[in-house]
Protein chains: 2
Amino acid sequence: MNKQASKVTSIVSESGQVPERRSLSTEAADALRELILLEKLAPGTPVPERDLAEGLGISRTPLKDALRILEVEGLIEYGPTRRPRVADPSLDEIEQNVLVLSALESLAGELACSSASDKQISEIGDLDRSMRDLPANSSALEFFHLDMEFHASIVAASRNEPLAQTHKQYNARLWRARFMSSRQQDRRENTLAEHAAITKALVARDAAATAKQLRKHLKSTIINLHHIRSADAKT
Amino acid sequence: MNKQASKVTSIVSESGQVPERRSLSTEAADALRELILLEKLAPGTPVPERDLAEGLGISRTPLKDALRILEVEGLIEYGPTRRPRVADPSLDEIEQNVLVLSALESLAGELACSSASDKQISEIGDLDRSMRDLPANSSALEFFHLDMEFHASIVAASRNEPLAQTHKQYNARLWRARFMSSRQQDRRENTLAEHAAITKALVARDAAATAKQLRKHLKSTIINLHHIRSADAKT
DNA sequence: TTGACACATTTTGCATGCAACACCTAAAGG
DNA sequence: CCTTTAGGTGTTGCATGCAAAATGTGTCAA
């Protein structure tokens, strides 16, 4: 039945992952995402399709697709007249998103306690340790990436594909906010402590505790966002 | 500053809602959704773009957009070769989706307890009552629609836009499964009892109880799905 | 000076054409 | 008889053109 398996389909490049056919749309989406997240494109700026397409050297068709992708990720907003802008969420909207993210992760934690393999859990522990072992002068971006990986690996351990999908969406929406939040050196200690608590509950496969710790962790993110806002208001 | 407010922008047609510009893509998406949910298009069948477009009397461009919309709703799947099919989720996948839906709704319930207006809560109570007052011979579809409205109104009461958005997505994915589940007349009693418990907790604005009842309600949906499967296996 | 209207420009939605890729069938070789 | 391969067919990705809608601008009247 399964014919293509007999063929030499094993052109699998590196990891065991699906090759995931590249297309101009996804590449453009990646490029745009980078531009937006690194603030090369300020929030709220209109994004005329043609200019963008020209800038990226592609036609409008795949660019439109890219904008659609970024729309579901929440990085691009469409006005009532279908003119795309870089999303500019208010603090309130960000907070609402974090609430949902929190619920998603806490579900992931619960599920991971019963569904994760021992290997997956130990990998989460590894990530936790890597973060703690990071030198104090390491870049904010480096710390941030590990932080993201830590959370993502918990979701992966839940073995719930749609959950992972949605979690990814919300993560993308909150990338900028979380990145800003993580730039404060003095937060690291706090973050590490909370990660430790999460890891501990996870290793014990204590679903209730894991969920609780994850909620607490995300909650402190919200509080931190408020602090940043007040600090910004002063300057 | 705000110029357009001074103009006679009040061409708001009927409700206070945004007119929401129609486009061929969204119309096609609606049409296709209907076809899929009513099983006019069997799960797993390939969906060649050109034929579909021709059938709907539109070109491939807007149809492609429609397929994208239905993809994020989970009704259309893209194979590794970018050939679209009607999604055919396994029972296991459906269950995973229900788990996420459950977490979303229970969060919505919690938030509704603190954020909902009294009017919103009383409307939820109205819906609960409408369902109970339905005659026993009313159609499964009628009962089902009220059921959906009940859940949707709880989410709306949470006043969390992204949550509502995501909830809608998951609802769309699970439409068929939930519809099948709701066709069993003997489930009605059970559903009504659970709805009553949810409504009661909501009226009392007891966040913990609301969340708990919602989880329980969705959990019984999962169990019911298993029953349906076993029944199907026999026939 | 302010407001409204009409025209010019920009920008998106949709249709269509072409090229690359995937799939199916059938013939050739083992 | 089974496997492999070559060709034909169908399907999707992308580019481009056109029309409709929206925005910006300048002029005129109150």
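Every chain is numbered from 1 and lettered A, B, ... according to where its sequence line falls, protein lines coming before strand lines. Computed from a prediction, not measured in an experiment: that's the story for all the values here.
Partners of B/L24 under the side-chain contact (heavy atoms from CB on, under 4.5 Å) rule, at least two apart in sequence or in another chain, are B/I58, B/P62. Considering only residues two or more places apart in sequence or on other chains, A/D88 meets the side-chain contact (heavy atoms from CB on, under 4.5 Å) condition with A/P43.
Aromatic rings of B/H217 and B/H151 (six-membered ring for Trp) have centroids within the 6.0 Å cut-off, being under it.
As rounded to whole Å, 10 Å separates atom C1' of C/dG17 from atom CZ of B/R60. One atom, CZ of B/R82, and another, C1' of D/dT11, lie 13 Å apart when rounded to the nearest Å. Protein atom CZ of B/R85 is 15 Å distant from nucleotide atom P of D/dT11, rounded to whole Å. Look at CG on A/L63: it is 14 Å from P on D/dT16, rounded to the nearest Å. Atom CG of A/D65 is separated from atom P of C/dC14 by 13 Å (rounded to the nearest Å). If you measure from atom CD1 of B/I76 to atom C1' of D/dT12, you get 15 Å, rounded to the nearest angstrom. Atom pair A/E71:CD and C/dT12:C1' shows a separation of 14 Å (rounding to whole Å applied). Between B/R22 atom CZ and D/dA20 atom C1' there is a gap of 18 Å when expressed in whole angstrom units.
Listed by first then second residue, pairs satisfying salt bridge (charged side-chain N to carboxylate O under 4.0 Å, His left out) with a partner in residues 96-107 of chain B number zero, not counting sequence neighbours. Screening residues 33-49 of chain A for salt bridge (charged side-chain N to carboxylate O under 4.0 Å, His left out), with sequence neighbours left out, gives A/D30-A/R33, A/R33-A/E73, A/E39-A/R176, A/E49-A/R60, A/E49-A/K64. Listed by first then second residue, pairs satisfying salt bridge (charged side-chain N to carboxylate O under 4.0 Å, His left out) with a partner in residues 163-173 of chain A number zero, not counting sequence neighbours.
Residue B/T81 has no polar side-chain atom (N or O) positioned under 4.0 Å from OP1 or OP2 of C/dC21. Note on B/T61: every side-chain N or O is 4.0 Å or more away from OP1 and OP2 of C/dT16.
Distance from the side chain of B/R83 is smallest for D/dG10 among the nucleotides C/dT10, C/dC14, D/dG10.
A heavy atom closer than 4.0 Å to some atom of DNA chain C occurs in B/I58, B/S59, these being the qualifying members of residues 50-59 of chain B.
Residues B/L35 and B/L32 meet the side-chain proximity criterion, which asks for heavy atoms closer than 4.5 Å.
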